[in-house]
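Below you'll find the structure, written out as structure tokens, and then a few comments.
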Amino acid sequence: MAGGRLYPRHAGNDSDLKASHFVVRDPDRLVVDIEGLELNPTLKQLVAKIQSNDPYIKQVRVGQNKPNVVRLVFDLKEAVKPQVFTLAPVGTYAHRLVLDLYPVNAPDPIAALIEKGEWSNDPVNPPALLPEWQSALKSESVPPLADYPPELKTGPDETPGARWDPKADPKLEPKPEPKSDRVPQVTRMITIALDPGHGGEDPGAIGKSGSREKDVVLAIAKRLKAKIEQQPNMRVMLTRDADFFVPLNVRVQKARKVQADLFMSIHADAFVESTARGSSVFVLSEKGASSTAARWLANKENSADQIGGVNFKGQDRQLTSVLLDLSTTAQINDSMKLGKAVLGEIGGINKLHRGAVEQAGFAVLKAPDIPSILIETAFISNPEEEAKLTDDAYQDQMAEAVMKGIKRYFAKNPPLSKNRMT
């Protein structure tokens with residue numbers, strides 16, 4: 001079990017599977033009857049697939065309920081809302097039966113992060129803002145450092161960066177500010193959502209040496225997460241932290257639930273020609289793709305739900321459509337600023353596929369209120385770049401470049417106050 005989904009999900013069947021299910025309480029159990037099957041070694045191996053740290057399942061029992069019907073009984077750790085559905089063949093997959101388990105009482109994602117102790121929640125002694133942001137925010141008592149003459153931005157001993165109190169300096173008369181224009185300094189956590197692309201049955205692109213996109217981008221995302229968490233006032237949410245599948249709209253929903261300030265989807269590109277190379281950054285487009293290649297890539301990435309498997313019958317299509325269509329001009333403008341900052345840093349460690357941020361209709365970038373970018377770290381279909389993507393040093397360089405891009409973005413676009421402070 002991973003991310004609320006049971007693995008393996010397909011039984012190698014060459015025809016559609018018919019299944020029924022029901023839930024039993026006290027103790028909690030999920031019973032699934034699959035028609036048209038006889039008990040075999042593959043089904044018996046399901047017992048060993050359940051890990052002790054599985055969030056919902058204690059164990060699974062498999063038996064022949066009656067001729068031509070196999071029964072699966074899942075002993076649960078807590079009450080769940082199950083979805084059992086089938087998927088038609090796609091890609092390398094035949095007919096599949098999917099079991100998705102969702103908790104009856106969904107946890108608060110922000111509360112869960114707080115419990116992990118990933119940032120300070122002390123309202124009396126909040127962590128200090130990054131120096132780059134302080135100059136962009138106004139203090140109640142003194143004007144921002146940027147308003148002072150260059151010669152007065154050093155310490156008393158003229159050492160750059162030394163601490164200096166402008167109120168104690170006789171050479172300076174602070175610029176008066178009308179009380180009505182004074183803005184209190186904002187100190188709050190910055191939340192960044194990192195989205196390692198693909199996962200689970202959706203491996204993403206596969207290089208000639210067998211490297212899988214889903215593995216490479218998860219490794220880079222974890223490196224970037226560690227770097228971000230070293231910064232004051234920053235916390236990170238990963239849309240997936242292991243090898244499991246997450247639907248595209250759920251990735252967006254996860255970012256919105258933690259009120260993310262940025263959303264960054266990380267990928268490793270592939271193309272039909274192995275000579276294609278370079279890194280790219282994409283943002284959402286409301287008016288069509290900025291190039292044929294961008295349109296092709298967006299269509300390929302948007303097909304992830306078909307490969308990973310999403311129960312569209314069980315979703316409110318109207319609600320899903322609203323979420324994915326609420327893109328705004330402001331969101332795209334902010335995303336372009338973020339994209340340019342990140343692209344400029346990535347260009348220092350790898351050749352750029354294109355020298356400008358591109359746009360296309362990526363479903364995963366359609367959060368209406370979060371600046372969102374998709375980073376193609378390199379072409380995994382290019383043997384030379386595939387070797388880079390699996391190299392620890394390059395992964396670390398890529399994570400460091402993105403980190404610098406984030407800091408450059410916030411230096412020019414300080415985070416605003418939010419209702420939910422930490």
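This chain uses plain numbering: 1 for the first residue, then up along the sequence.
Asp75 has no carboxylate O lying under 4.0 Å from a charged side-chain N of Arg29, or vice versa, which leaves the two without a salt bridge. In this structure, Asp215 pairs ionically with Arg212, as a charged nitrogen and a carboxylate oxygen lie closer than 4.0 Å. Ion pair Lys214/Asp243 flagged as a salt bridge, since at least one NZ, NE, NH1 or NH2 atom sits closer than 4.0 Å to an Asp/Glu carboxylate oxygen.
Judged by distance alone, the side chains of Asn350 and Ser279 do bring a donor and an acceptor atom under 3.5 Å apart. Side chains of His267 and Glu376: no donor on one and acceptor on the other come within 3.5 Å.
Using a 4.5 Å heavy-atom cutoff, the side chains of Ile332 and Gln359 are in contact. A heavy-atom distance below 4.5 Å is found between the side chains of Gln253 and Val250. The shortest distance between side-chain heavy atoms of Phe362 and Leu248 does not fall below 4.5 Å. At a threshold of 4.5 Å between non-hydrogen side-chain atoms, the residues Val24 and Asp28 do not count as touching. Taking the side chain as every heavy atom from C-beta outward, Leu224 and Ile266 approach each other to under 4.5 Å. The closest side-chain heavy-atom distance from Ile34 to Leu72 is below 4.5 Å. You'll find the side chain of Val281 stays beyond 4.5 Å of the side chain of Met264, heavy atoms only. Contact of the Lys337 side chain with the Pro371 side chain is not registered, since no non-hydrogen atoms from C-beta on lie closer than 4.5 Å.
Closest of all the heavy-atom pairs between Gln331 and Ala367 is NE2-O, 2.9 Å. In terms of heavy-atom proximity, Thr239 sits nearest to Phe263 at CG2-CE1, 4.2 Å. Shortest non-hydrogen contact noted between Gln64 and Leu39 is OE1-N, 2.6 Å. Contact record, His21 with Pro82: CD2-CG, 4.0 Å, taken as the closest heavy-atom pair. The minimum heavy-atom distance linking Ala205 with Ala268 is given by the pair CB-O, 4.0 Å. The two residues Val283 and Ser372 have their closest heavy-atom pair at CG1-O, 4.0 Å.
One distance of note links CD of Gln231 with CD1 of Ile406; it measures 9.0 Å at 0.5 Å rounding. Note that the CG atom of Leu374 and the CD atom of Glu358 stand 11.5 Å from one another [nearest 0.5 Å]. Expressed to the nearest 0.5 Å, how far OG of Ser211 lies from CD1 of Ile206 amounts to 9.5 Å. Taking CZ of Phe74 as the start and NZ of Lys58 as the end, the distance is 15.0 Å to the nearest 0.5 Å. The line from CG of Leu238 to CD1 of Ile192 is 11.5 Å long, rounded to the nearest 0.5 Å. Taking OH of Tyr409 as the reference point, atom CD1 of Ile373 lies at 10.0 Å (rounded to 0.5 Å).
Proximity of a side-chain donor or acceptor of Asn382 to a complementary backbone N or O of Ala276 within less than 3.5 Å is detected. In this structure, the side chain of Asp33 does not engage the main chain of Ala19 through any donor-acceptor pair within 3.5 Å. Between the side chain of Arg240 and the main chain of His198, a donor-acceptor pair closer than 3.5 Å is present.
Pairs passing the ring-ring contact (aromatic ring centres under 6.0 Å, His included) check and including a residue from residues 365-387, sequence neighbours excluded, read His353-Phe379. Screening residues 377-386 for salt bridge (Lys or Arg N to Asp or Glu O under 4.0 Å) gives Arg277-Glu384, Arg277-Glu385 as the qualifying pairs, with residues at least two apart or on separate chains.
Around the NZ atom of Lys77, the shell of radius 6.0 Å holds more than 12 heavy atoms that belong to other residues, nucleotides or ligands.
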- Query: Going through the checks in order, is the side chain to side chain contact (heavy atoms under 4.5 Å, CB included) test met by Leu101 and Leu30?
  - Reply: CA-CA 10 Å; Leu101 306 184; Leu30 169 64; 3.6 Å; yes
- Message: Would Asn68 and Glu38 count as a side chain to side chain contact (heavy atoms under 4.5 Å, CB included) here? Give the steps.
- Response: CA-CA 5 Å; Asn68 229 27; Glu38 296 294 333; 3.4 Å; yes
- Message: Applying side chain to side chain contact (heavy atoms under 4.5 Å, CB included) to Val70 and Val62, what does each step give before you reach the verdict?
- Response: CA-CA 7 Å; Val70 169; Val62 184; 4.0 Å; yes
Hey, can you pull the donor-acceptor pairs under 3.5 Å for the side chains in residues 395-403, sequence neighbours left out?
{"residue": "Gln395", "atom": "OE1", "partner": "Arg223", "partner atom": "NE", "Å": "3.0"}
{"residue": "Gln395", "atom": "NE2", "partner": "Leu389", "partner atom": "O", "Å": "2.8"}
{"residue": "Asp396", "atom": "OD1", "partner": "Lys227", "partner atom": "NZ", "Å": "3.4"}
{"residue": "Glu400", "atom": "OE1", "partner": "Lys227", "partner atom": "NZ", "Å": "3.1"}

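Listed by chain and number, the residues in a side-chain contact (heavy atoms from CB on, under 4.5 Å) with Lys18 are Glu35 (sequence neighbours excluded). Under the salt bridge (charged side-chain N to carboxylate O under 4.0 Å, His left out) criterion, Arg251 pairs with Asp195, sequence neighbours left out. In this structure, Asp334 has no side chain to side chain donor-acceptor pair (under 3.5 Å) partners at least two apart in sequence or on a different chain.
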